[in-house]
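We name chains A, B, ... by the order of the sequence lines, and we start the count at 1 in each one.
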Amino acid sequence: MPERNVVSWTAMISAYSQRGYASEALNLFVQMLRSGTEPNEFTFATVLTSCTGAFGFDNGRQIHSLIIKSRLESHIYVGSSLLDMYAKAGKIHEAREVFEGLPERDVVSCTAIISGYAQLGLDEKALELFCRLQREGMISNYVTYASVLTALSGLAALEHGKQVHNHVLRSELPSYVVLQNSLIDMYAKCGNLIYSRRIFDNMSERSVISWNAMLVGYSKHGMGKEAVELFKLMGQENKVQPDSITFLAVLSGCSHGGMEDRGLEIFYEMLSGKDGVEPEIEHYGCVVDLLGRAGLVEKAFKFIKQMPFEPTAAIWGSLLGACRVHRNVDIGEVVANQLLQIEPENAGNYVILSNLYASAGRWEDVGRVRELMNEKAVIKEPGMSWIELNETLHTFHASDRSHPRREEVFAKVGELSAKIKEAGYAPDLSCVLYDVDEEQKEKMLLGHSEKLALAFGLLGTPEGKPVRVIKNLRICVDCHNFAKLVSKVYRREVSLRDKNRFHHIVGGICSCGDYW
DNA sequence: ATAGGGTTAG
């Protein structure tokens with residue numbers, strides 16, 4: 001063009017942004033500034049969408065100062081884009097500041113800040129803000145609902161999720177695939193796969209994400225057979241091509257469902273190249289998990305050594321878990337050495353190694369792991385559990401003394417413990433990492449957050465009603481035992497969602513087959 | 001003429 005104006009520059013930047021060419025978009029923006037063309041509100045709103053990822057944040061901050069100079073910080077489109085940039089960079093306080101500084105709000109700016117919290121896993125904040133903004137008159141649209149549903153998935157807040165679903169139905173929105181995908185995911189992660197499947201079956205159109213969300217649901221519930229069947233159906237329908245997440249979901253479904261052979265078949269078919277999806281390191285990780293679960297710890301170890309990738313902490317971690325379950329101390333030690341080199345700051349690794357030593361009665365080594373943790377000053381992510389009762393989320397930390405009904409809850413844990421001991425419960429003291437006497441250890445075990453939440457659930461619901469508990473970390477062996485015996489003695493279904501999967505416990509038997 | 005927020009993962 002012999003001449004360009006702000007519109008020509010912006011249109012071109014927008015074209016690059018929309019196609020995902022972030023660095024080209026940013027380069028063009030710099031060229032624009034050099035050419036002396038003054039960016040306007042359209043330009044800023046556009047170019048900020050390319051400021052994500054590793055080096056995006058520095059650019060975003062610099063662009064922010066240009067925006068301030070241009071006095072466009074309070075512009076609703078620019079502001080939304082700006083706060084989204086900060087949120088995606090993990091700078092949620094900066095995002096919130098921009099949001100609060102906006103002279104007017106609309107559904108997009110509100111959704112941007114809600115989803116900002118949700119994407120960072122600050123699910124309660126996201127929910128709180130959604131409720132407040134809705135009280136203040138925000139008219140949600142399908143993107144808003146999809147965003148808040150993400151937060152509700154994280155919280156496993158089924159009753160809240162149903163309410164949002166009701167809102168959606170009443171608002172008579174057209175059936176957006178994105179929104180239905182969110183609903184599938186929400187119901188699955190809240191433990192209600194029947195609802196997920198109903199929504200899935202009623203969709204007139206499905207994206208690959210619809211299939212993936214459903215597959216992940218089956219996988220997290222240990223329903224390998226259903227996952228494989230759905231995967232087959234996807235192939236037969238042949239409308240949507242599976243992607244790398246589809247394979248991750250079905251492979252981990254096989255793993256959690258105890259279908260090692262089927263999982264390996266699928267992996268080798270991927271390797272053959274006829275699926276059009278090449279296995280990535282995460283898929284190799286699923287195979288390690290499959291082999292480990294089957295007790296083929298040595299084979300898994302060899303598999304890692306001949307992978308075309310450098311093993312990650314997640315892969316070593318998965319094998320260490322297998323060593324713990326199958327009590328293979330020899331390989332476990334080698335694996336732990338590798339793992340602690342790559343990821344010395346992850347407390348979970350030490351916990352599993354310590355459990356492994358404890359299961360073999362190697363108490364001096366247990367002590368050594370504990371000292372190693374102290375030396376490296378590893379900070380354990382605080383374990384917490386929660387339960388939803390009457391549309392309220394009740395959160396518990398270990399030995400929590402903050403809950404208003406704590407006395408009752410502690411008493412109930414004591415009662416449960418005494419009663420299930422008659423049925424054979426023996427506290428697994430090897431789950432305690434601290435060097436204290438046995439009585440103290442048992443006391444600490446009884447203070448674990450999931451036991452408090454479970455006890456609270458039994459107190460707050462009528463006999464025979466299932467109890468749903470959610471835990472932010474992997475559940476420990478002792479709490480798993482405890483929950484199994486409670487389900488048996490008290491005749492309650494216990495559904496326990498931990499960091500990795502659902503434990504569906506009925507009559508003392510857990511759907512995870514004691515491998516997790 | 002050019003513009004902002006969204007769903008699935010090991």
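- Between A:Phe42 and A:Tyr77, the gap from one ring centroid to the other reaches at least 6.0 Å.
- Note that A:Arg497 lies outside the cation-pi zone of A:Trp516, set by a 6.0 Å cut-off to the ring centre and a 45° limit from the axis.
- Out of B:dG5, B:dA3, B:dA9, the shortest distance to the side chain of A:Lys189 is found at B:dA9.
- Checked against a 6.0 Å centroid threshold, the rings of A:His75 and A:Phe44 do not count as neighbours.
- Two rings, from A:His64 and A:Tyr86, have their centers less than 6.0 Å apart.
- When the P atom of B:dT8 is taken as reference, atom CZ of A:Phe231 falls 21 Å away, rounded to whole Å.
- For A:Thr150, the side-chain atoms get nearest to B:dT7 when compared with the rest of B:dT2, B:dT7, B:dG4.
- Summarising the geometry, the separation between CD1 on A:Ile114 and P on B:dG4 is reported as 19 Å, rounded to the nearest angstrom.
- The distance from atom CE of A:Met186 to atom P of B:dG6 is 20 Å, rounded to the nearest whole Å.
- Of the candidates B:dA3, B:dG5, B:dT7, B:dT7 carries the atom nearest the A:Val178 side chain, counting heavy atoms from C-beta on.
- The side chain of A:Val107 sits closest to B:dG5 out of B:dG4, B:dT2, B:dG5.
- Residue A:Ile194 qualifies as open at atom CD1: its count of foreign heavy atoms under 6.0 Å is 12 or below.
- Side-chain proximity of A:Asn40 to B:dA1, B:dT2, B:dT8: nearest is B:dT2.
- The stretch residues 303-323 of chain A participates, sequence neighbours left out, in these side-chain hydrogen bond (donor to acceptor under 3.5 Å, both in side chains) pairs: A:Asp289-A:Ser318.
- Nucleotide B:dG4 holds its C1' atom 13 Å from the CD atom of A:Glu104, rounded to whole Å.
- Between the OH atom of A:Tyr284 and the C1' atom of B:dA9 there is a distance of 18 Å, rounded to whole Å.
- With respect to A:Lys232 and A:Glu229, no salt bridge is recorded, no charged nitrogen being found less than 4.0 Å from a carboxylate O.
- Listed in residue order, the members of residues 244-270 of chain A having a heavy atom less than 4.0 Å from DNA chain B are A:Ile245, A:Leu248, A:Ser252.
- Here the two rings, on A:Phe267 and A:Tyr284, have centers that are under 6.0 Å apart.
- With sequence neighbours excluded, the residues satisfying side-chain hydrogen bond (donor to acceptor under 3.5 Å, both in side chains) with A:Ser35 are A:Thr37.
- Under the salt bridge (Lys or Arg N to Asp or Glu O under 4.0 Å) criterion, no residue pair touches residues 18-35 of chain A, with sequence neighbours excluded.
- Of the residues in residues 202-217 of chain A, those with a non-hydrogen atom less than 4.0 angstrom from any atom of DNA chain B are A:Ile209, A:Asn212, A:Val216.
- Taking only side-chain atoms of A:Ile76, from C-beta outward, the nucleotide of B:dG5, B:dG4, B:dT2 with the closest atom is B:dG4.
- For the segment residues 285-315 of chain A, no residue has any heavy atom less than 4.0 angstrom from an atom of DNA chain B.
- Computed from coordinates, the A:Leu28 CG to B:dT2 C1' distance equals 13 Å when rounded to whole Å.
- Note that A:Arg206 lies in the cation-pi zone of A:Trp211, set by a 6.0 Å cut-off to the ring centre and a 45° limit from the axis.
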